[in-house]
Amino acid sequence: MSEPGPLDEDARARGREQALIARRARAAIKADLAQGRRKPGDVIAARLDDPVIGRMRVRDFLHALPGIGDARTDQIMADCQIADSRRMRGLGEHQERCLMSWVAEAVRPRGRLLVLSGPSGAGKSSVVTILRERHPEIAFSVSVTTRRPRPGEIDGVHYHFIDERTFDRMIDEGQLLEWAEFAGNRYGTPAAPVDDLLDAGRPVLLEIELQGARQVRQSAPEAVFVFLAPPSWETLVARLEGRRTEAPEVIAERLATAQVELAAETEFDLTVVNDVVARAADEIAGLLGVGTSAGPGA
Ligand code: 5GP
């Protein structure tokens with residue numbers, strides 16, 4: 001065998017360079033898929049026209065999609081009867097259709113997270129009650145709290161009522177997206193259910209106080225932060241004092257906290273004034289992208 005001449009060496013160098021360019025181009029497509037800049041269906045559709053996509057392995061394409069890990073990739077490849085080494089350009093008609101339908105089903109855009117905050121007495125829970133009735137498509141995070149249930153509150157629906165030790169354990173184990181102490185009790189948002197709901201494409205609403213909203217701002221800055229304001233200070237006082245469920249010292253503490261919370265309004269993306277509860281609820285539903293059509297309970 002003869003020694004490789006300078007021409008062969010050149011050809012090899014060019015080959016290496018081309019391979020590098022192709023790898024970079026594939027990496028760019030995968031990054032676009034991962035970050036939602038390109039739709040998976042469009043990439044599949046371009047597989048015969050775009051040589052970079054054509055040479056991409058089907059397995060690598062699937063793996064690049066958000067929310068599709070190893071197990072899901074294996075499942076899709078098996079269901080569509082696609083060989084492990086198959087490249088996009090080599091897909092048969094049936095395989096392409098099968099892949100398209102999986103991708104449409106599996107890759108849902110992540111749901112929108114809305115943080116509803118505002119002073120105690122602004123009417124957050126009334127707004128949430130209406131939203132629950134009218135918009136079953138919205139998921140409401142159920143917080144944990146060390147507060148005792150008020151009459152009519154249901155464990156697992158309004159809150160998970162837990163003891164101090166369980167709350168401590170949840171903090172230690174990093175189970176809470178945020179937590180805060182408020183008027184002598186602790187409240188927190190369990191992280192995993194919120195994450196699962198968002199992954200499933202559901203709009204999620206957190207109804208939390210100011211310190212918690214600030215923590216979520218740090219960990220999920222993409223969320224929409226809404227400040228629910230009472231129409232006036234007098235309305236807030238009347239609402240808090242009208243509650244027969246709290247002792248006078250608790251009401252006084254909540255009023256003091258309300259003043260601090262009112263001052264934080266400018267930290268939020270927008271303010272919704274709770275003049276009429278149903279109207280405020282509609283405005284918030286609109287922000288979650290679920291429309292304002294009245295459903296049951298309207
Ligand atoms: P309440 O005792 O009136 O149900 O709630 C007191 C305050 O705690 C309200 O401002 C409510 O929005 C807030 N809150 C409820 N759940 C959570 C939570 O999980 N985290 C935080 N930070 N605040 C919460």
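Note: hydrogens, waters and symmetry copies are ignored here, and every other heavy atom, side chains too, is used.
In R24, the CZ atom is not crowded: 12 or fewer heavy atoms of neighbouring residues, nucleotides or ligands sit closer than 6.0 Å. The environment of E17 atom CD is sparse: at most 12 non-hydrogen atoms of other residues, nucleotides or ligands sit within 6.0 angstrom. Around CZ of R148, the count of heavy atoms belonging to other residues, nucleotides or ligands within 6.0 Å does not exceed 12. Counting non-hydrogen atoms of neighbouring residues, nucleotides and ligands closer than 6.0 angstrom, the CD atom of E164 exceeds 12 such neighbours.
Under a hydrophobic-cluster definition in which Ile, Leu, Val, Met, Phe, Trp and Tyr are linked whenever side-chain heavy atoms come within less than 4.5 Å, directly or via other members, L240 and F182 are assigned to different clusters. The same ILVMFWY cluster, assembled from side-chain heavy atoms under 4.5 Å apart, contains both L236 and I251. Both W233 and F227 are members of a single hydrophobic cluster when ILVMFWY side chains are connected at heavy-atom separations under 4.5 Å. Tracing side-chain contacts under 4.5 Å through hydrophobic residues (I, L, V, M, F, W, Y), one never reaches V142 starting from F167; they form parts of separate clusters. The cluster map of Ile, Leu, Val, Met, Phe, Trp and Tyr, joined by side-chain heavy atoms under 4.5 Å apart, puts V224 and L288 in the same cluster.
D269 places a side-chain N or O within donor-acceptor distance of the main-chain N or O of F225, the cut-off being under 3.5 Å. Judged by distance alone, the side chain of E207 and the main-chain N or O of L116 form no donor-acceptor pair under 3.5 Å. A side-chain donor-acceptor contact under 3.5 Å links Q215 to the backbone of W179. Judged purely by atom type and a 3.5 angstrom limit, T235 has no side-chain atom pairing as donor or acceptor with the backbone of P231. A side-chain donor-acceptor contact under 3.5 Å links R239 to the backbone of A122. Under a 3.5 Å cut-off, the side chain of Q95 and the backbone N or O of Q81 do form a donor-acceptor pair. Under the 3.5 Å distance criterion, the side-chain polar atoms of E96 are left unmatched by any main-chain donor or acceptor of E93. One N or O on the side chain of S117 and one on the backbone of I208 form a donor-acceptor pair closer than 3.5 Å. In this structure, the side chain of T145 engages the main chain of R186 through a donor-acceptor pair within 3.5 Å. A distance-only check finds a donor-acceptor pair linking the side chain of H158 to the backbone of I154 [under 3.5 Å].
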| field | Evaluation steps, side-chain contact (heavy atoms from CB on, under 4.5 Å), between F140 and L197 | value | CA-CA 10 Å; F140 297 87; L197 288 160; over 6 Å; no

| task | Evaluate side-chain contact (heavy atoms from CB on, under 4.5 Å) for F61 paired with R47, printing each intermediate quantity in order. | result | CA-CA 11 Å; F61 161 75; R47 69 196 178 83; over 6 Å; no

| Worked verdict on L287 versus L270 for side-chain contact (heavy atoms from CB on, under 4.5 Å) | CA-CA 10 Å; L287 293 169; L270 72 161; 3.9 Å; yes

| field | Derivation and outcome, side-chain contact (heavy atoms from CB on, under 4.5 Å), residues L177 and S219 | value | CA-CA 8 Å; L177 174 63; S219 55; 3.9 Å; yes

| task | Given salt bridge (Lys or Arg N to Asp or Glu O under 4.0 Å), test D8 with R12 step by step and report yes or no. | result | CA-CA 6 Å; D8 298 326; R12 270 202 292 274; 5.8 Å; no

| query | Does the salt bridge (Lys or Arg N to Asp or Glu O under 4.0 Å) test come out yes or no for R87 and D60, once each step is laid out? | reply | CA-CA 9 Å; R87 292 176 191 268; D60 293 343; over 6 Å; no

| Chi angles and distances behind the side chain to side chain donor-acceptor pair (under 3.5 Å) call for S126, T129 | CA-CA 5 Å; S126 311; T129 301; 5.9 Å; no

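For the 3.5 Å distance criterion, the side chains of E209 and Q211 qualify, holding a donor opposite an acceptor.
Two residues are said to be in side-chain contact when any heavy atoms from C-beta on lie closer than 4.5 Å; I171 and L176 meet this criterion. No side-chain heavy atom of S120 sits less than 4.5 Å from a side-chain heavy atom of T257. L114 has its side chain out of reach of P203: every pair of non-hydrogen atoms, C-beta onward, lies at least 4.5 Å apart. Between R112 and E222 the shortest side-chain heavy-atom distance does not fall below 4.5 Å. Contact check for W102 versus L65: no side-chain heavy atoms found under the 4.5 Å cut-off. For the pair I82/I76, no side-chain contact is recorded, criterion being any heavy-atom separation below 4.5 Å from C-beta on. A 4.5 Å side-chain heavy-atom check between P230 and P119 finds at least one atom pair inside the cut-off. The side-chain heavy atoms of R23 and L20, taken from C-beta on, include a pair separated by under 4.5 Å.
Residue P40 comes nearest to L33 through the heavy atom pair CA-CD2, 3.8 Å, listed as atom of the first residue, atom of the second, then distance. A183 approaches E253 most closely through the heavy-atom pair CA-OE2, 3.3 Å. Scanning all heavy atoms of the two residues, the minimum distance from G212 to A180 falls at N-CB, 4.3 Å. Taking each heavy atom of R132 and V157 in turn, the nearest pair found is NH2-O, 3.4 Å. Between H63 and T73, the shortest heavy-atom distance links the atoms CD2-OG1, 3.7 Å. The shortest non-hydrogen separation linking L255 to E241 is CD1-OE2, 4.4 Å.
Taking the ring axis of Y187 as reference, the NZ or CZ atom of R147 does not stay both within 45° of it and closer than 6.0 Å to the ring centre.
Distance check, rounded to the nearest 0.5 Å: NE2 of H94 to SG of C80 gives 6.5 Å. If you take CG on L62 and CZ on R57, they are separated by 13.5 Å, rounding to the nearest 0.5 Å. The distance from the OG1 atom of T166 to the NE2 atom of H160 is 12.5 Å, given to the nearest 0.5 Å. Distance check, rounded to the nearest 0.5 Å: CG of L206 to CG of L113 gives 5.0 Å. Residue T146 holds its OG1 atom at 14.5 Å from CZ of R165, rounded to the nearest 0.5 Å. Taken from CD1 in I21 to CZ in R14, the straight-line distance is 12.0 Å, to the nearest 0.5 Å.
Checking each of L131, I138, I284 against V290 for a side chain to side chain contact (heavy atoms under 4.5 Å, CB included) leaves exactly one that passes, namely I138.
Using a 4.0 Å cut-off between charged nitrogen and carboxylate oxygen, D50 and R55 do not count as a salt-bridge pair. Of the charged side-chain nitrogens involved, at least one lies within less than 4.0 Å of a carboxylate oxygen, so that R110 and D195 count as a salt-bridged pair. Checked for salt-bridge contact, R59 and D84 meet the test: a charged N lies under 4.0 Å from a carboxylate O. A salt bridge does not link E267 with R217: every distance from a Lys NZ or Arg NE/NH1/NH2 to an Asp or Glu carboxylate oxygen is 4.0 Å or more. Salt bridge annotation for D32-K39: absent, with no cationic side-chain nitrogen under 4.0 angstrom from a carboxylate oxygen. Between E178 and R214 there is no salt bridge, since none of the side-chain N atoms of the basic residue sits less than 4.0 Å from a carboxylate O of the acidic one. Between R38 and D42 there is no salt bridge, since none of the side-chain N atoms of the basic residue sits less than 4.0 Å from a carboxylate O of the acidic one.
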